[in-house]
Amino acid sequence: MKFAWKIQSEEEKPIRDLLLANRGILPEETERFFHLNWDEHLESCWNFREMAGAVERLFFALEHEEKIVIHGDYDADGVSGSALLFESIRDIAIALHRPLHLAVYLPDREADGYGVAMHTVERFAAEKIKLLITVDCGIAVPTEIARAKELGIDTIVCDHHQLALELPKAILLHPLVPGEGVANRWLCGTGVVFKFACALFDEARKRGLAIIPGKEKWLLDFVAIATVTDMVPLLGENRLLEHFGLRVLKKTRRPGLSKIFERARIERESIDAHTIGFQIGPRLNAAGRLASAQIAFETLTAKTLEEADPLSEQLEQLNQKRQRLTDGMFVQAETMIQEVEDAPVHVLWHADWHPGIVGLLAGKLVAKTGRPAFAFARSGGHFVGSGRSTLGINLVELMQSAPHFFVKFGGHPEACGLTIAREETIRDFSEHAKSFVKKFIPSAKEKPELRIDAVIPLSMITEDLTKMIEAMAPFGQKNPEPTFLSRSVTILDARTVGKTQAHLRVTVSQGSRSRFEVIGFGFGNEIRLLSIGKKVDLVYEIHHHEWQGRRTIQLRLLDFEPND
């Protein structure tokens with residue numbers, strides 16, 4: 001066993017009801033969950049309390065030919081949202097027949113850090129900017145936005161991150177602001193910007209401008225990418241946006257995305273949330289991690305395949321470099337945690353690590369240890385770090401409990417960024433983090449936890465069950481792929497597969513009619529525990545598998561334990 005198994009429920013109820021209950025979906029929400037309707041289920045963009053003010057200020061800027069700047073973030077959410085807003089404002093300016101003075105600024109991870117920096121505000125003022133629109137950032141920089149106001153710059157904040165103790169004095173489009181009117185409080189940054197774009201297009205049509213009905217739907221490819229990569233809950237309206245966003249992504253006309261698909265060998269019809277999370281997102285993120293997020297932005301907004309080709313090649317090369325760096329840093333980190341494997345939280349740092357990769361490293365540490373993790377790298381005179389959570393530990397609350405450790409910090413309960421001035425302070429923070437986490441995890445767990453939806457015999461795996469599971473997609477945060485446990489299944493065949501024999505292919509049975517193929521990615525070394533006739537308890541996901549025109553049900557191995 002690689003994991004500590006936790007069976008969520010062993011109630012005697014239909015599988016569908018059990019799966020929905022495990023995801024917090026009430027019986028009265030079942031119809032909406034399985035039958036998404038764009039017109040009925042999309043929340044009005046005008047529910048944002050300050051949306052009317054944001055729209056009015058943007059139209060004023062366009063009509064008076066003011067200089068506007070979009071300040072995004074350097075990750076896939078910030079880049080996608082910046083591209084979405086850039087194209088929306090550009091189209092409205094064209095419909096207005098007005099010249100457009102619009103720039104996009106994506107900060108440098110090391111030189112600028114996360115959010116809006118004071119020196120950036122001063123630069124905008126020198127360039128005569130009159131309207132600043134933040135995308136996926138801005139809510140945690142009240143001082144910088146106040147300075148912008150002093151310099152004659154109005155600000156519209158489009159963000160979704162955890163609120164700071166003081167809110168900026170600006171037009172705020174943020175689902176978590178106290179008193180906000182939106183029901184969906186878990187939009188990603190691009191989701192917030194999509195709402196802004198919907199309102200802008202709606203207002204444009206009211207003014208008689210040539211914005212075709214439904215134009216906003218073609219922006220959903222950006223929303224689909226960001227909703228997955230920023231790991232917001234894929235329930236409620238977010239699931240609606242992702243469902244229709246995936247449809248648009250498969251049909252996208254954007255040359256940059258087409259070139260990314262080509263280089264990553266992505267087949268359009270097979271694109272799903274997993275494709276975004278493991279193929280598209282990492283390529284966009286690699287630019288901001290290792291070079292400039294501007295490369296990703298220019299790829300997404302390229303007008304021709306010829307323009308997109310060299311840009312997508314840069315993303316490909318950066319992604320390969322990202323993979324090499326991550327693997328090397330993880331090897332070092334594994335050595336560092338050997339002496340403290342039972343720690344409730346891991347706080348690691350290394351002067352030679354790359355600042356753009358520490359978030360990925362923290363995520364890999366969480367996957368390996370099942371405990372929260374922070375990783376830091378030296379950047380200039382400071383240490384820049386990222387944190388990733390598990391077991392319900394709120395990282396924002398952790399950081400807010402001792403703000404004196406940080407030069408700055410921000411993010412979500414599950415993922416955060418933070419900067420610490422000195423190595424000695426990291427050590428102090430590490431001790432504080434351990435004390436904080438111990439309040440919620442009294443004793444360290446030996447293995448990461450694997451949640452199992454239901455215990456079923458193999459005979460229950462049918463075409464109808466498989467189709468019902470597929471109807472629960474798209475999968476992601478708060479709506480994970482269903483996992484099942486079948487006890488005492490018999491091994492009929494077991495062999496390693498793949499170029500390096502890293503994977504495992506097993507045939508199992510349970511009774512005369514229940515026989516399935518199981519694929520275990522990365523389980524090649526475990527073949528030593530299997531032999532023909534041996535019985536095991538099997539944890540798996542259920543998928544359709546197509547090969548040479550034949551469609552079968554295949555089980556994807558998550559864990560197993562010999563039981564005899």
Side-chain angles (χ1 to χ4, degrees), residues 1-11 15 18-19 21-24 231 330 333-334 336-348 361-374 387-395 398 413-415 433-458 475-489 491 503-504 506 508 518-530 534-542 555-564:
M1 291 174 63
K2 294 184 176 182
F3 299 93
W5 298 351
K6 180 180 181 181
I7 299 169
Q8 297 193 75
S9 176
E10 296 196 54
E11 291 183 53
I15 286 292
L18 190 61
L19 296 179
N22 288 347
R23 285 149 185 78
M231 300 176 68
F330 186 60
E334 284 185 303
M336 295 164 72
I337 65 172
Q338 284 178 355
E339 297 179 1
V340 289
E341 284 187 308
D342 61 345
V345 57
H346 291 292
V347 181
L348 307 180
L361 177 59
K364 287 176 73 71
L365 287 168
V366 169
K368 178 179 176 61
T369 67
R371 301 177 189 88
F374 293 84
R388 296 293 182 269
S389 184
T390 186
L391 304 172
I393 303 300
N394 188 316
L395 299 184
L398 191 163
E414 301 85 10
K434 290 173 185 176
S435 298
F436 182 93
V437 173
K438 279 181 179 177
K439 297 175 186 176
F440 303 92
I441 313 174
S443 59
K445 299 192 174 188
E446 293 183 2
K447 296 178 181 178
E449 186 177 86
L450 175 61
R451 295 193 173 191
I452 297 169
D453 279 292
V455 181
I456 64 172
L458 293 183
F475 298 115
Q477 290 293 307
K478 304 298 183 183
N479 184 33
E481 291 197 45
T483 58
F484 301 94
L485 166 63
S486 292
R487 299 191 187 277
S488 196
V489 304
I491 304 296
H503 311 307
L504 189 63
V506 183
V508 299
V518 184
I519 186 72
F521 295 109
F523 278 84
N525 290 336
E526 306 301 315
I527 194 168
R528 68 189 189 281
L529 301 176
L530 302 175
K534 194 175 188 69
K535 292 186 180 296
V536 300
D537 294 342
L538 204 68
V539 182
Y540 54 88
E541 297 167 347
I542 302 173
L555 311 184
R556 185 174 296 168
L557 180 65
L558 300 178
D559 204 2
F560 72 91
E561 182 180 32
N563 68 359
D564 62 357

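This structure is a prediction, so every number in the text was calculated from the model and none was measured.
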Considering only heavy atoms from C-beta outward, does the side chain of [X] approach that of [Y] to under 4.5 Å?
X: L504; Y: L530; result: yes
X: V506; Y: L557; result: no
X: L555; Y: L458; result: yes
X: F484; Y: E541; result: no
X: T369; Y: I337; result: yes
X: R556; Y: F521; result: yes
X: L395; Y: P413; result: no
X: R487; Y: V455; result: yes

Stepwise, does the side-chain contact (heavy atoms from CB on, under 4.5 Å) test hold for L538 with V508?
-> CA-CA 10 Å; L538 204 68; V508 299; 4.3 Å; yes
Identify, with sequence neighbours excluded, every residue that meets side-chain hydrogen bond (donor to acceptor under 3.5 Å, both in side chains) alongside N394.
->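 In terms of side-chain hydrogen bond (donor to acceptor under 3.5 Å, both in side chains), with neighbours along the sequence ignored, N394 is linked to no residue.
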Check whether any side-chain N or O of [X] sits under 3.5 Å from a backbone N or O of [Y] as a donor-acceptor pair, and report yes or no.
X: H503; Y: G524; answer: no
X: D537; Y: E561; answer: no
X: R23; Y: A21; answer: no
X: R371; Y: A343; answer: yes

Sequence-distant partners of F374, ring-ring contact (aromatic ring centres under 6.0 Å, His included), two or more places apart |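 If we apply the ring-ring contact (aromatic ring centres under 6.0 Å, His included) test to F374, skipping adjacent residues, the hits are F429.
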Partners of F436 by ring-ring contact (aromatic ring centres under 6.0 Å, His included), sequence neighbours excluded?
->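 So F436 forms a ring-ring contact (aromatic ring centres under 6.0 Å, His included) with F440.
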Please determine which of T483, D453, N479 meets the side-chain hydrogen bond (donor to acceptor under 3.5 Å, both in side chains) test together with N22.
->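 When side-chain hydrogen bond (donor to acceptor under 3.5 Å, both in side chains) is applied between N22 and each of T483, D453, N479, only D453 qualifies.
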Spatial distance of atom [atom1] ([X]) from atom [atom2] ([Y]) [nearest 0.5 Å]:
X: L450; Y: D559; atom1: CG; atom2: CG; result: 6.5 Å
X: L365; Y: H346; atom1: CG; atom2: NE2; result: 7.0 Å
X: E481; Y: L19; atom1: CD; atom2: CG; result: 12.0 Å

Run the numbers on L398 and V437 for side-chain contact (heavy atoms from CB on, under 4.5 Å), then give the verdict.
-> CA-CA 8 Å; L398 191 163; V437 173; 4.2 Å; yes
After noting the C-alpha distance and the side-chain angles of K368 and F330, does the key distance pass the side-chain contact (heavy atoms from CB on, under 4.5 Å) rule?
-> CA-CA 10 Å; K368 178 179 176 61; F330 186 60; 3.7 Å; yes
Do NZ/NE/NH1/NH2 and the carboxylate oxygens of E414 and R388 come within less than 4.0 Å?
->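 The answer is no: the pair does not qualify as a salt bridge.
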Using the ring of each side chain (for Trp, its six-membered ring), is F560 parallel, tilted or perpendicular to F523, with breaks at 30° and 60°?
->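 Correct class here is tilted.
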